Structures are given as C-alpha cells and as structure tokens.
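Below: one structure, written as structure tokens.
Proteins get letters first, then strands, A, B, ... in listed order; numbering begins at 1 in each. Predicted, not measured: the structure shown is a model, and the values here were computed from it.
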Amino acid sequence: MATAAAVLPSGSQELHVLAVDDSHVDRKVIEKLLKISSCKVTAVESGTRALQYLGLDGGKGSLGFNDLKVNLIMTDYSMPGMTGYELLKKIKQSSAFREIPVVIMSSENILTRIDRCLEEGAEEFLVKPVKLSDVKRLKDFIMRGETEENGGSRVNKRKLEDDGHPPLSSSSLSSSSSSASAPSSPSSPLSPPPSTSTVAPFACDLGTTELPTSPLHSSKRSKFCNSD
Amino acid sequence: MEVGQMQRRLVDYTKSLFMEGFLDGQFLQLQQLQDESNPDFVVEVVSLFFDDSEKLLNDLTMALDQPNVDFKKVDAHVHQLKGSSSSIGAQRVKNACIAFRNFCEEQNIEACLRCLQQVKQEYYLVKNKLETLFRLEQQIVAAGGSIPLMEMGL
C-alpha cells in the first residue's frame with residue numbers, strides 16, 4: 001500500500017493518480033486497477049480530503065514541490081458533502097491545479113450529468129464499475145499528454161466545448177489511430193442508439209460490464225462527432 | 001480429494017454462480033487483478049463489501065422503521081449498496097437494489113419493505129456462495145495446488 005514516492009530512473013515517469021471515492025470497496029478496487037497499471041496512487045475518501053491533500057483548502061497540503069505531482073484525478077460523482085462535480089469545479093478554478101485532468105466516475109449513466117461534467121472541464125466520464133481497460137486507456141492518454149505538454153498542443157483541447165473538436169478522450173477511444181491500446185471493440189457494437197441513452201434502459205440492464213461504458217462514449221461521440 | 005478434483009469442483013461451482021446470476025463479469029475482473037503481490041485481493045475486497053453491506057442493511061432497516069420515513073436517506077443507502085455490489089459483481093444484489101430505488105422514488109413504503117427483504121435475501125445468498133467459493137480455494141491452496149482462473153467466455 002505504498003504511496004511514498006518511488007525512486008524512479010530519470011526519463012521514465014510513473015503517473016501519480018489521486019483517487020477520490022467515499023466507497024471503501026471502490027477505493028480498494030480503483031487503487032488496485034491503478035497499481036496494476038503501474039501508477040502511483042493516493043486514495044482519499046472525500047472531496048474535502050482531496051482538496052486538503054492538494055493544499056487547496058488553505059493549508060499546505062501534502063504535495064512536495066515536484067515529487068508527488070498529481071498527474072490525474074479520478075473522482076466519484078456522488079459523494080456525501082462535496083460531490084465529484086463540486087470537486088471538479090474547485091480544481092478547475094484553481095490556477096495551480098486546473099491543468100490536471102479530472103475524470104469523473106459514476107454508477108449512473110445520466111446524460112445531463114455527463115454533459116455537465118464534461119462542460120465543466122472533466123476529461124472523461126466513466127461509468128462504474130471501472131475496468132482495467134478504462135484505466136489503461138486513461139493512462140495512455142495522460143502519458144501521451146505529459147510528453148506533449150511542453151509542445152502545448154494538448155492544452156487548448158482540454159476544455160471540450162471550446163473548439164468543437166472531438167474531445168481527446170473520445171477520440172482516444174473511438175479511433176484507434178492514435179492509441180494502439182484503445183479498446184474500440186466494446187464501443188462499436190453499442191454505438192447505434194444514442195438517443196435512447198437515458199437512464200432507465202441501462203440502469204435496469206443486467207449483467208454485462210461491457211454495456212455501461214459504451215453508450216456513454218457513443219453518446220459523447222454522437223454529440224460532438226455526429227459520426228454514427 | 002486430490003488437487004485436480006478440487007480444482008474441477010471449484011471451476012464447476014464458480015460456473016454455476018455465473019449461470020445462476022449471482023455473479024457477473026465484474027467478479028472475474030477482480031480475480032484477474034489478483035496476483036502474487038496481493039494474493040488475497042479478492043477476499044479483501046469482498047470482505048469490505050460484507051462489512052459495508054451489513055452496515056447498510058442495518059441502516060436501511062432502521063430508516064424504514066421510522067414513523068416518517070426519509071426516502072431520500074433510504075435511497076442514498078440503497079444507492080451505496082447498489083454501487084458496492086456492482087463493484088464486486090454481486091449481480092443479483094445489484095438488481096434488487098435497482099428495483100428498490102424505483103420504489104424509493106415512488107415513496108411506496110410497503111414496496112420498499114418488500115424490497116429490503118429481497119435485498120437481504122440476495123445478500124445473504126451471495127455471501128454464503130462467496131464464502132463457500134473462498135473455502136474451496138483455500139482447500140486447493142492448502143493442498144499445494146493453484147487456483148484456476150476463469151475465462152470470460154463461460
């Protein structure tokens with residue numbers, strides 16, 4: 001359960017992810033998913049704790065200057081006290097941390113919720129339960145971004161609504177062109193009915209864990225790309 | 001019983017849990033995350049689920065026992081239970097929670113009480129099944145064997 005900074009050879013970077021979830025079970029699972037994907041993880045149980053960790057609550061925070069730099073924040077949406085959405089807003093309002101990609105996780109596939117989060121600057125909205133393929137895809141996306149960061153090409157695309165281009169996250173999923181590891185197969189069989197992606201049909205759907213992630217992305221794609 | 005037989009018994013038992021809908025693919029996902037560095041990962045996560053669930057079921061019982069039921073609170077508890085059951089692949093518990101939430105929305109006390117019973121039943125069933133599964137695994141390990149990994153294409 002080590003979250004202490006590892007001594008890394010220069011040139012190779014381990015992603016440091018801050019995971020926020022009030023569910024003990026989900027924290028344990030996301031921590032494992034991230035560790036298996038060779039990420040450093042700091043898991044906290046609330047938005048308040050997350051802000052404390054980052055030092056956004058007025059305190060000094062637990063981040064050393066460079067060492068424990070957070071590269072990605074993954075937060076649950078529904079949490080008591082501060083929701084993931086509120087946490088997202090606070091992070092995006094902060095000059096120090098607004099560039100950190102924030103991913104929202106939710107067990108509910110509610111279109112208005114998804115839209116709201118994306119509009120507020122969330123990188124992606126993952127429907128729970130989060131899978132290893134989701135984490136791997138995210139990691140690839142972030143790692144690519146980290147190396148491009150100095151080139152600045154990625155920074156402009158972070159706010160999805162700005163330029164109308166397909167968001168990086170959906171393109172990393174839908175088109176395998178940029179990412180060799182993008183699991184395009186889960187999304188394709190389910191791209192058809194974006195208009196029916198209201199809560200009820202999917203909430204009642206049984207069994208497969210494939211289903212939850214895809215309609216989300218297909219709904220994102222249909223909104224931004226119109227390429228169904 | 002020799003190891004091969006035990007392994008076959010485990011595989012058959014696990015398959016039956018999937019066939020009967022007690023577990024879904026998410027459980028397999030968890031098993032796939034387990035490795036030598038953390039050989040008890042699944043047991044640990046499931047234990048957390050048991051602890052959480054029992055607390056939630058108690059909270060639900062109390063909440064529905066109030067003279068003026070706070071349906072928002074009830075719904076919040078069910079939502080949590082739905083989330084954690086989904087995270088470990090306890091499909092039938094999850095589905096029972098989904099039905100439960102619909103009745104919370106309707107503020108139908110009688111139906112909610114029935115749902116609570118249903119959720120409890122499903123929970124205790126899956127708890128029992130999982131404990132049996134873990135016991136079978138332990139037996140194999142104790143006999144020096146290794147736990148066969150299930151494939152997704154059951």
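- Contacts with chain A (heavy atom to heavy atom, under 4.5 Å) involve these residues of residues 41-54 of chain B, listed by number: B:F41, B:E44, B:V45, B:L48, B:F49, B:D52.
- For the atom pair OG of B:S87 and NZ of A:K128, the computed distance is 5.5 Å after rounding to the nearest 0.5 Å.
- With a threshold of 4.5 angstrom between heavy atoms, B:L30 approaches chain A through side-chain atoms but not through N, CA, C or O.
- The environment of A:R49 atom CZ is sparse: at most 12 non-hydrogen atoms of other residues, nucleotides or ligands sit within 6.0 angstrom.
- Counting heavy atoms of neighbouring residues, nucleotides and ligands inside a 6.0 Å radius, atom CD of B:E105 does not exceed 12 of them.
- Between A:V130 and B:Q26, the closest heavy-atom pair is O-NE2, 4.2 Å.
- By a heavy-atom distance cut of under 4.5 Å, A:D22, A:H24, A:V25, A:D26 are the residues of residues 17-26 of chain A near chain B, going up by number.
- Within residues 113-133 of chain B, no residue has any heavy atom closer than 4.5 Å to a heavy atom of chain A.
- Comment: A:K35 does not engage B:D35 in a salt bridge, judged by the lack of any side-chain N to carboxylate O separation of less than 4.0 angstrom.
- The side-chain heavy atoms of B:Q29 and A:L132, taken from C-beta on, include a pair separated by under 4.5 Å.
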Worked check of side-chain contact (heavy atoms from CB on, under 4.5 Å) between A:E108 and B:H79: CA-CA 10 Å; A:E108 293 173 307; B:H79 171 78; 3.6 Å; yes
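- Between A:L33 atom CG and B:Q32 atom CD the span is 11.0 Å, to the nearest 0.5 Å.
- Taking A:K89 as the reference, nothing meets the side-chain hydrogen bond (donor to acceptor under 3.5 Å, both in side chains) condition, with sequence neighbours excluded.
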